[in-house]
Structure formats: structure tokens, C-alpha cells
Protein chains: 2
Amino acid sequence: MTETMSDSAIRPRKEFGKTIAADITHRLREEIIACGLAPGEPLRFDVLRERFGVSFTTLREALTALTAEGLVDAQEQRGYRVAPVSRQDLVEVTDARVLIEVELIRRAIERGNDDWEIAVISTLHRLKRIEQRDPEHPLRDPEWKIAHRQFHQALVSACGSATLLAIRAELFDRAERYRHLSANFRPRPRDKAGEHQAIMQAAISRNSDLAVQLIETHIRSTADNVATYAAHLLDTE
Amino acid sequence: MTETMSDSAIRPRKEFGKTIAADITHRLREEIIACGLAPGEPLRFDVLRERFGVSFTTLREALTALTAEGLVDAQEQRGYRVAPVSRQDLVEVTDARVLIEVELIRRAIERGNDDWEIAVISTLHRLKRIEQRDPEHPLRDPEWKIAHRQFHQALVSACGSATLLAIRAELFDRAERYRHLSANFRPRPRDKAGEHQAIMQAAISRNSDLAVQLIETHIRSTADNVATYAAHLLDTE
DNA sequence: CCGAGCCATATTTTCGAAAATCATACCGTT
DNA sequence: AACGGTATGATTTTCGAAAATATGGCTCGG
């Protein structure tokens with residue numbers, strides 16, 4: 001409010017109790033997922049230092065963390081680059097997601113209590129509200145992205161395993177990057193709203209088999225879409 | 001050759017083409033898995049700096065990587081500590097391992113070629129040789145640990161998914177720490193040699209269902225053992 | 001003209017000091 | 001004696017310089 005624009009806009013502002021490194025990790029992650037940093041692009045320290053206004057050390061810590069998440073590729077003694085994309089990697093991420101998400105949905109439906117139901121219903125509600133606002137290009141709306149992420153997160157949140165939830169979140173991020181990759185070339189989003197609605201209903205009515213089937217279809221058809229419309233980005237070289 | 005003993009013995013000697021940070025990450029990982037650094041123990045920079053002879057920055061990078069692997073716990077602004085153990089965490093790791101390893105064994109049996117069979121047979125052979133040497137306390141023998149790890153790795157290596165193999169490796173490490181935790185209190189190792197032999201035979205003869213069942217039993221019974229003999233370490237506070 | 005070896009430059013990696021933050025003990029007040 | 005606030009020491013976090021390593025161009029010999 002009272003600060004100058006130039007400073008507050010450029011300088012990384014860390015939230016209370018958080019380290020700058022954690023903040024940079026978060027910002028870099030978002031930028032890589034959104035393909036603001038292109039797959040395979042070298043991540044040079046000088047450039048990043050300029051862009052984020054932090055030191056080597058802090059950047060290195062962030063890049064190390066993102067390397068573990070599969071979003072950055074470390075080439076020892078030769079720096080880092082954005083993790084490249086490939087058809088093979090897309091298939092692997094999709095398969096892994098199906099394997100894990102299907103299991104987590106089952107467990108969540110089995111164990112979910114009232115709070116879980118409320119979380120599923122309310123996150124879907126918010127998602128639909130945002131979609132009404134701008135039904136054409138949801139992926140370009142940061143709010144839609146967050147709401148979408150939170151809905152899928154809510155669905156499995158009651159699974160009871162923090163370990164598997166962490167793995168799931170990582171795979172979700174990696175998949176989301178592929179969605180962004182094809183977003184610019186996709187003619188028109190298919191009926192995601194309807195799919196989400198159906199998944200919610202199956203989950204709340206504790207219809208495990210149906211929910212599992214819907215989720216698997218949801219994940220695989222999204223991946224197929226990416227493979228189709230981002231083909232020219234996946235087959236290169 | 002020409003260097004003084006004191007230096008070459010204490011200083012971390014990095015292998016060709018590797019960074020010191022990667023080396024320290026590896027050494028710290030091994031030490032945490034072996035419970036040389038006890039679960040929950042604070043990881044103070046001064047102490048580690050003394051012990052490994054490296055700087056803050058390098059340590060921080062290693063600790064960041066291990067945090068992502070679930071072996072270290074980061075408390076923002078309050079440093080790091082060895083990831084604590086708990087009965088809940090043991091259950092989660094075990095469940096996740098069963099879910100993933102069962103799937104990978106299926107895929108490996110389906111896709112494995114001659115090289116895969118050879119790898120499975122030869123890694124088991126080496127494991128048995130080492131067991132003959134010191135059948136009492138295999139976990140205390142670093143060579144046994146490596147051979148054991150390589151046998152299980154070989155079993156699933158042909159699954160075709162680097163993504164799932166990486167996740168599996170991480171869970172394997174976390175589980176191995178629990179095995180070490182109980183190793184000192186376990187009366188006597190059960191017949192692991194027989195189990196490994198049976199798993200190998202089921203895999204090579206492409207008997208998927210049997211291999212899956214044996215692997216699941218292998219993983220779960222190991223975890224049960226830990227839960228029993230390390231109970232006093234899991235229930236505290 | 002081509003290729004191997006070497007020098008100069010660009011870039012990463014590592015370091016220890018300085019700044020920021022947290023934990024603890026102390027003091028004064030109620 | 002209990003409580004709140006503050007000063008002090010311990011520890012983490014961040015920084016930019018220095019060392020180590022890779023990259024690209026150049027020369028020289030074949």
C-alpha cells in the first residue's frame with residue numbers, strides 16, 4: 001500500500017515464517033507448470049538471479065527441490081534446465097496417475113466423513129462458478145487452475161495416506177504442465193464441467209466402481225488430448 | 001599418493017564429474033537409512049559441517065534433496081531434522097510399496113526379456129553368496145544391503161516406467177530405514193533366502209499372480225516384524 | 001583442409017562472512 | 001510468585017566473491 005510499486009512488484013516478497021528459498025521454489029514451479037519456462041530450456045543462474053532478485057545459493061536450493069519433483073533436470077557440472085517433455089514421459093505420468101489416483105479415490109470413498117463430502121461439494125461449486133465466468137479458456141485463468149486443483153485434491157483428501165497424497169500431488173503437477181503445453185493448440189475444451197459433476201456425484205453416493213471408472217477416463221482422455229494437440233511438441237528430434 | 005593422510009582421509013573426495021553436493025546427499029542418505037543419525041535427531045549445520053567438511057550451502061542443498069525424499073524433515077526457519085518415525089508412517093510406506101511394487105512386478109514379468117532374467121538370477125546369486133558368508137546379521141553387512149537392494153531393483157527393472165521406478169526407489173529407502181530400526185532388537189532373521197528364491201522362480205517362470213502374492217507377503221511380513229520388534233521406538237510420546 | 005591440443009571466456013559450484021530469525025534467560029512490574 | 005517484555009546468544013538463512021569446471025574459438029601440425 002505505502003510501498004513503491006517498482007519494488008513490491010519485482011522483489012520477491014516472502015510471507016511470514018517462510019524462507020525466500022521456499023518462495024522461489026513455489027514461483028519457479030508455477031512458471032514451469034504454466035510453460036512460461038519452456039520444456040528443455042536451460043536455467044542459467046545469471047538470468048534467474050536477475051529475474052527473481054535472489055542469490056545463487058537460494059536459486060540452487062529451489063532448483064534442487066524441483067529436480068526431485070521431476071520438473072527440473074540437473075546435469076551435473078553443466079547446470080539445470082526445465083525438464084524436457086516427451087511422449088514416453090506423458091504416458092508414464094498418465095499411467096502412474098491412474099494407478100495411484102484410482103486407489104486413493106477408493107480409499108477416500110471408503111473413509112470419507114461429512115467434512116470430506118462438504119469439501120468435495122464446495123470445491124466443485126467454486127470451480128463451476130469460475131467456469132461460468134469465462135467458459136472458453138479455463139487454463140488461462142489462474143483462479144480456475146487453483147479451483148480445479150483443489151477439487152481433485154479434495155476428492156482424494158480423505159484417503160488416509162499423506163505419503164500417497166504427496167506422490168499424487170507431484171504427478172498432478174507434472175500432468176498439468178502437459179495440459180498447458182497443448183492448451184494453446186486445443187480447438188475448444190471438451191465438457192469438463194459435466195465430467196467433474198459426474199465424478200462428484202459418484203463419490204458422494206459412495207459408488208466406488210463408477211467413480212474409479214470416471215476418474216480413469218477423465219485422466220486418460222485429458223492425456224489423449226494432449227498427445228493429439230501437442231504432437232508437434234512431443235515428437236521433435 | 002602425494003597428499004597427506006589427514007587431508008585425504010577426512011576431506012570429502014568427490015568422484016569424477018560429480019558435485020560435492022551430490023556426494024554429501026548420498027552419504028547423508030546412507031547414514032540416515034542406517035540410523036547412524038537417529039530419527040527425529042536435529043541436523044545442525046555446525047555439527048554436519050564439522051563432520052563432512054563442507055560449507056553451509058552444500059549441506060543445505062543436500063538436506064533439501066533428502067527432504068523431498070522423505071528422509072529429512074524441514075522446519076522453516078528452525079532448521080532440519082532426521083524425519084521422525086511412527087507406526088502410521090510405517091503403515092503408509094508399506095501400503096504404498098505394496099500398491100506400486102505389485103504393479104511393477106506384473107509389468108516387468110510381462111515385458112522382461114533375456115537381459116532381465118539374467119539380471120534377476122545373477123543378483124539373487126550374489127545375494128545368496130553373501131548370505132552364506134555371514135548368515136546371522138545381514139543388515140549389518142553393507143555388501144548384503146547393496147546386493148539385496150539390487151535384487152529387488154532387478155525384479156522390477158523391466159517394468160518400463162522410469163517414473164514409477166523412481167517412486168519405488170524412494171519408498172524402498174524409507175522402508176529400509178525401518179528395517180534398520182528394528183534390526184538390533186530382532187531375535188533372528190527369518191528365512192529371507194527362501195523367500196527371495198521363491199520370488200525369483202515365480203518371476204522367471206512368468207507366474208505373475210504367484211510373484212505378486214509372494215512380493216506382497218514379503219513386504220508386509222517385513223513391516224510386521226518391524227512393528228513388533230521396534231514397537232518401543234514407534235509408540236513413544 | 002581437417003583434427004588435436006590449448007587458451008580465453010562463460011557458467012556453475014563452493015565457500016565463509018554477514019544478515020535475519022529464533023530460543024532463552026533475565027529483569028522489572030503487577 | 002506470576003507475567004510480559006526485552007536483551008543476549010545460538011542457529012539458520014542469504015549473500016556475493018572466489019574456485020572449479022565446462023564451452024567455444026584459435027593455432028599449429030599433419
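Atoms considered below: every heavy atom in the structure, side chains included; atoms not considered: hydrogens, waters and symmetry mates. Every chain is numbered from 1 and lettered A, B, ... according to where its sequence line falls, protein lines coming before strand lines. Bear in mind the structure is a predicted one, so any value in this text is a computation, not a measurement.
- The separation between B:Leu59 atom CG and D:dT12 atom P is 10 Å, rounded to whole Å.
- For the side-chain hydrogen bond (donor to acceptor under 3.5 Å, both in side chains) test, no residue two or more places apart in sequence or in another chain qualifies with B:Arg49.
- Contact annotation: B:Arg78 reaches the phosphate of C:dA23 (side-chain N/O to OP1 or OP2, under 4.0 Å).
- Listed by chain and residue number, B:Gln150, B:Phe151, B:Ala154 satisfy the side-chain contact (heavy atoms from CB on, under 4.5 Å) test with B:Thr123 (two or more places apart in sequence, or in another chain).
- Salt bridge status for A:Asp95 with A:Arg220: present, with a side-chain N to carboxylate O gap under 4.0 Å.
- Distance, A:Gln75 CD to C:dA10 P: 20 Å, rounded to whole Å.
- Between the CG atom of B:Leu63 and the P atom of D:dT13 there is a distance of 10 Å, given to the nearest Å.
- Within 6.0 Å of the CZ atom in B:Arg87, the count of heavy atoms belonging to other residues, nucleotides or ligands exceeds 12.
- Residues satisfying the side-chain hydrogen bond (donor to acceptor under 3.5 Å, both in side chains) test with B:Glu30, not counting sequence neighbours, are none.
- When rounded to the nearest whole Å, the span between CD of A:Gln77 and P of C:dT13 equals 6 Å.
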Check nucleotides 15-19 of chain D for protein N or O atoms closer than 3.5 Å to its own N or O atoms and list the pairs.
| unit_1 | atom_1 | unit_2 | atom_2 | d |
| --- | --- | --- | --- | --- |
| D:dC15 | OP2 | A:Ser55 | N | 3.2 |
| D:dC15 | OP2 | A:Ser55 | OG | 3.4 |
| D:dC15 | OP2 | A:Thr58 | OG1 | 3.0 |
| D:dC15 | N4 | A:Thr57 | OG1 | 2.9 |
| D:dG16 | O6 | A:Thr57 | OG1 | 3.0 |

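- Residues in residues 159-171 of chain B take part in these salt bridge (charged side-chain N to carboxylate O under 4.0 Å, His left out) pairs, two or more places apart or across chains: B:Glu101-B:Arg168.
- Looking at residues two or more places apart in sequence or on another chain, you find no salt bridge (charged side-chain N to carboxylate O under 4.0 Å, His left out) involving A:Arg126.
- Annotation: proximity of residues 37-46 of chain A to DNA chain D (heavy atom, distance under 4.0 Å) is found for no residue.
- In terms of the side-chain contact (heavy atoms from CB on, under 4.5 Å) criterion, residue partners of A:Ser182 (sequence neighbours excluded) are, by chain and number, A:Arg186, A:Val226, A:Tyr229, A:Ala230.
- Between A:Leu48 atom CG and C:dT11 atom C1' the separation is 13 Å, expressed in whole Å.
- B:Asp23 has its CG atom 14 Å from the C1' atom of C:dT13, to the nearest Å.
- With sequence neighbours left out, B:Thr228 forms a side-chain contact (heavy atoms from CB on, under 4.5 Å) with no residue at all.
- Atoms CD (A:Glu76) and P (D:dA22) sit 11 Å apart, rounded to a whole Å.
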